[in-house]
Amino acid sequence: MDSFIIKGGNKLNGSVEISGAKNAALPLMAASLLAKGKTVLKNVPHISDVKMMAHLLRVIGARVDLVGNTMEIDATHCSFYEAPYELVKKMRASIYVLGPLLARFGKADVSFPGGCAFGPRPIDLHIEAMKQLDASIEISHGYIYARTERLKGTRIFFKKSSVGATGNTLMAAVLAKGQTIIENAAMEPEIDNLVAFLQAMGADIEGIGTTRLVINGVEELNPVEFAVIPDRIEAGTFLAAGAITNGTVTVTNCLTEHIMSLITAFEQCGFKLDYTDTEVTIHGTDKFNASDITTLPYPGFPTDLQAQFMAVMALADGFCSIEEQIYPDRFKHVAELARLGADIRLDNNTAIVKGVKELSGAEVMASDLRASAALVIAGLAASGTTNVSRIYHIDRGYEKIDDKLKQLGADIRRIHA
């Protein structure tokens, strides 16, 4: 397993271009199964999760090619409707093929997903939505066996806002007979990107950007050329790296409106930020205040930036509380940050952070994607050397993060196991 060796203390300065969003690219790749022909996706990030999804699509029968950041997916000759355990166990987003396979073939055999290390994220909402769309579901030996003559439109109310379940239901409903109404739909930018993609393919969807989506099923969809939105979580991660190192970092090729909750949080800490619609600059400061946050569905503070913000707060002046409302168990990074000298106490789903004067390098281990980013950020500010192991987690969602950090002045190198 590869690791990062980081010598902390360097101020990061300069600009970094943000890659396409992992959480947008994966459902778009799955949705390409809905149309025969060649779909072209632009701004696709080179990350391991994308490679894994591409492999899964090939198993289903699609031809997938990625040249630069442009991906071509030809789903003309797909005939296999199974997402096997060997692939799905490595990546939760594999569940996204459930809706498209059911909609196109009337059959889907999908293994229960894996790839999550910070607590349970049940897929009961996905399964219940497929049932409401008139699919029969049998769960046996770790697989979801779904069958339907043709999906039928209905009204679906999600008791809890879920990005994954909203996306899967959208992809199933676009080819269903009649009208489907999704209430309490997720409003995350990645869902808006999926809706726009499906609309470009010929889907009839109303309500983009709201919690109520109305889908009128159509007979077929057509392949299109489409761009993945920039990754708001990557943008936030680099802003956090600039903040904790007292540097001046500009993120470009981003959509500022997607990270306003983070911008507001940093401004409350005393950081100065300048921004346009497509780029943001954070100016470091020797002393900044602690600020409370609570993770919430979009447009609230994203759970995927909770760990990175906590790393910055470890060096803030004073106390703050970080309340996790999306995934209450998402705190495995706390123990590793403590190894670097952070003072953090857990109280159920809330972390109480007392800022310290400095962090010290140590050997730490990544437990999941965003936790690994937090450890890298903390290591950039820590005195001495920090060794972050198991960085295959970070490669799941960040394109060449070490190279981008080097461009900003970080002393970081990758050690191949």
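Sequence positions, counted from 1, serve as the residue numbers for this chain.
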note = Nearest heavy-atom approach of F301 to A265 is CE1-CB, 4.1 Å
ask   = Is any side-chain heavy atom of T250 less than 4.5 Å from a side-chain heavy atom of V280?
value = no
inquiry  = Is it true that S19 and K404 share a donor-acceptor pair across their side chains at a distance under 3.5 Å?
reply    = yes
task = Indicate whether any N or O donor in one side chain lies under 3.5 Å from an N or O acceptor in the other, for T303 and R330.
result = yes
key: Within-4.5 Å side-chain heavy-atom neighbours: E279 and T256   = no
inquiry  = Can you confirm whether the side chains of H258 and E188 place a donor and an acceptor under 3.5 Å from each other?
reply    = no
Worked check of side chain to side chain contact (heavy atoms under 4.5 Å, CB included) between V110 and Y81 = CA-CA 8 Å; V110 180; Y81 49 86; over 6 Å; no
query = For the residue pair G242 and V249, what are the closest heavy atoms and their distance?
reply = CA-CG2, 3.6 Å
pair F266-V312: side-chain heavy atoms closer than 4.5 Å = yes
ask   = Have N216 and Q179 got a donor and an acceptor in their side chains that come within less than 3.5 Å?
value = yes
message = Checking the side chain of H46 only, and the main-chain atoms of G68 only, is there a donor and an acceptor separated by less than 3.5 Å?
response = yes
inquiry  = Run the ring-ring contact (aromatic ring centres under 6.0 Å, His included) test on F226 and F197 for me, step by step, so that the C-alpha distance in whole Å, both residues' side-chain angles and the decisive distance to 0.1 Å come before the verdict.
reply    = CA-CA 7 Å; F226 196 81; F197 177 60; 5.3 Å; yes
ask   = So does E267 have more than 12 non-hydrogen atoms from other groups sitting under 6.0 Å from CD?
value = yes
ask   = When you measure from the side chain of N43 to the backbone N and O of V228, does any donor-acceptor pair fall under 3.5 Å?
value = yes
task = Any chance you could lay out the side chain to side chain contact (heavy atoms under 4.5 Å, CB included) test for T245 and N13, step after step, and finish with the verdict?
result = CA-CA 9 Å; T245 62; N13 290 288; over 6 Å; no
ask   = So how far is it from R396 CZ to K51 NZ, rounded to the nearest 0.5 Å?
value = 14.0 Å
Test applied, side chain to side chain contact (heavy atoms under 4.5 Å, CB included); reference residue, K7; option that passes from T386, L380, I412, D411 = D411
message = As a quick check of understanding, evaluate side chain to side chain contact (heavy atoms under 4.5 Å, CB included) for L98 and M171, giving each step before the final call.
response = CA-CA 9 Å; L98 176 63; M171 291 185 281; over 6 Å; no
inquiry  = Does R414, at its CZ atom, have more than 12 non-hydrogen atoms belonging to other residues, nucleotides or ligands within less than 6.0 Å?
reply    = yes
query = Atom CG in L125, atom CZ in F157: separation rounded to 0.5 Å?
reply = 10.5 Å
key: Shortest non-hydrogen contact between S321 and T350, atoms and distance   = CB-CG2, 3.9 Å
ask   = So, E399 and N69: side-chain donor and acceptor under 3.5 Å apart, yes or no?
value = yes
ask   = Is the shortest distance from a Lys or Arg side-chain nitrogen in R232 or E190 to a carboxylate oxygen in the other one below 4.0 Å?
value = yes
task = Identify the two heavy atoms, one from G397 and one from I47, that lie closest to each other, and give their separation to 0.1 Å.
result = C-CG2, 3.8 Å
query = Is the backbone of V214 close enough, under 3.5 Å, to the side chain of T180 for a donor and an acceptor to pair up by distance?
reply = no
task = Please examine the side chains of S3 and V388, heavy atoms only from C-beta on, and report whether any two atoms are closer than 4.5 Å.
result = no
remark   = Closest non-hydrogen atoms of M71 and A54, given as atom of the first, atom of the second and distance, are CE-CB, 4.4 Å
query = Taking atom types as modelled, is there a side-chain donor on Y398 or R370 under 3.5 Å from an acceptor on the other?
reply = yes
inquiry  = A side-chain contact here means heavy atoms from C-beta on lying under 4.5 Å apart; do K159 and N184 qualify?
reply    = no
query = Between Y143 and Y85, is the ring centre distance below 6.0 Å?
reply = no
ask   = Distance-only, no hydrogens or angles: does the D134 side chain make a donor-acceptor pair with backbone N or O of K152 under 3.5 Å?
value = no
ask   = When you check the gap from the basic side-chain N to the acidic O, do K400 and D402 get nearer than 4.0 Å?
value = no
inquiry  = How about NZ on K42, more than 12 heavy atoms from neighbouring residues, nucleotides or ligands closer than 6.0 Å, or not?
reply    = no
ask   = If you measure from CD on Q308 to CD1 on I233, what distance do you get to the nearest 0.5 Å?
value = 7.5 Å
task = Using a strict 4.0 Å threshold on nitrogen-to-oxygen distance, state whether E219 and R150 make a salt bridge.
result = yes
request  = Could you tell me whether D49 and K22 make a salt bridge, using a distance below 4.0 angstrom between a side-chain N and a carboxylate O?
outcome  = yes
query = Taking C-beta and beyond as the side chain, do N289 and M313 meet within less than 4.5 Å on heavy atoms?
reply = no
ask   = Does the pair R155/E183 count as a salt bridge with the N-to-O cut at 4.0 Å?
value = yes
query = Sub-3.5 Å donor-acceptor pair from the side chain of T285 to the main-chain atoms of F288, do we have one?
reply = no
ask   = Mind checking whether F271 and S291 have side chains closer than 4.5 Å, heavy atoms only?
value = no
request  = Please round to the nearest 0.5 Å and tell me the distance separating atom CZ of R413 and atom CD1 of I6.
outcome  = 11.0 Å
request  = Please name the residue in the list H126, K131, M130 that meets the side chain to side chain contact (heavy atoms under 4.5 Å, CB included) test with E128.
outcome  = K131
request  = Please check if any side-chain donor atom of Q325 sits under 3.5 Å from a side-chain acceptor atom of T294, or the reverse.
outcome  = no
ask   = If you measure from CE on M53 to CD1 on I73, what distance do you get to the nearest 0.5 Å?
value = 9.5 Å
query = When you check the gap from the basic side-chain N to the acidic O, do R147 and D109 get nearer than 4.0 Å?
reply = yes
key: Min side-chain heavy-atom separation V174-I205 under 4.5 Å   = yes
ask   = Any luck finding a side-chain donor-acceptor pair between D368 and H333 under 3.5 Å?
value = no
note = By side chain to side chain contact (heavy atoms under 4.5 Å, CB included), T211 pairs with (sequence neighbours left out) M187
note = Residue set satisfying ring-ring contact (aromatic ring centres under 6.0 Å, His included) with F4, at least two apart, ordered chain then number -> none
query = Can you tell me how far OG of S48 sits from OH of Y392, rounded to the nearest 0.5 angstrom?
reply = 10.5 Å
inquiry  = Looking at every heavy atom in both D231 and I18, which two are closest together, and how far apart are they?
reply    = O-CG2, 3.3 Å
request  = Begin with the C-alpha distance, continue with both residues' side-chain angles, and end with the deciding distance and a verdict on side chain to side chain contact (heavy atoms under 4.5 Å, CB included) for I139 and Y145.
outcome  = CA-CA 6 Å; I139 298 174; Y145 297 97; over 6 Å; no
ask   = Between the main-chain N or O of D74 and the side-chain N or O of E72, is there a donor-acceptor pair closer than 3.5 Å?
value = no
query = Less than 4.0 Å between a side-chain N and a carboxylate O, is that true for D65 and R63?
reply = yes
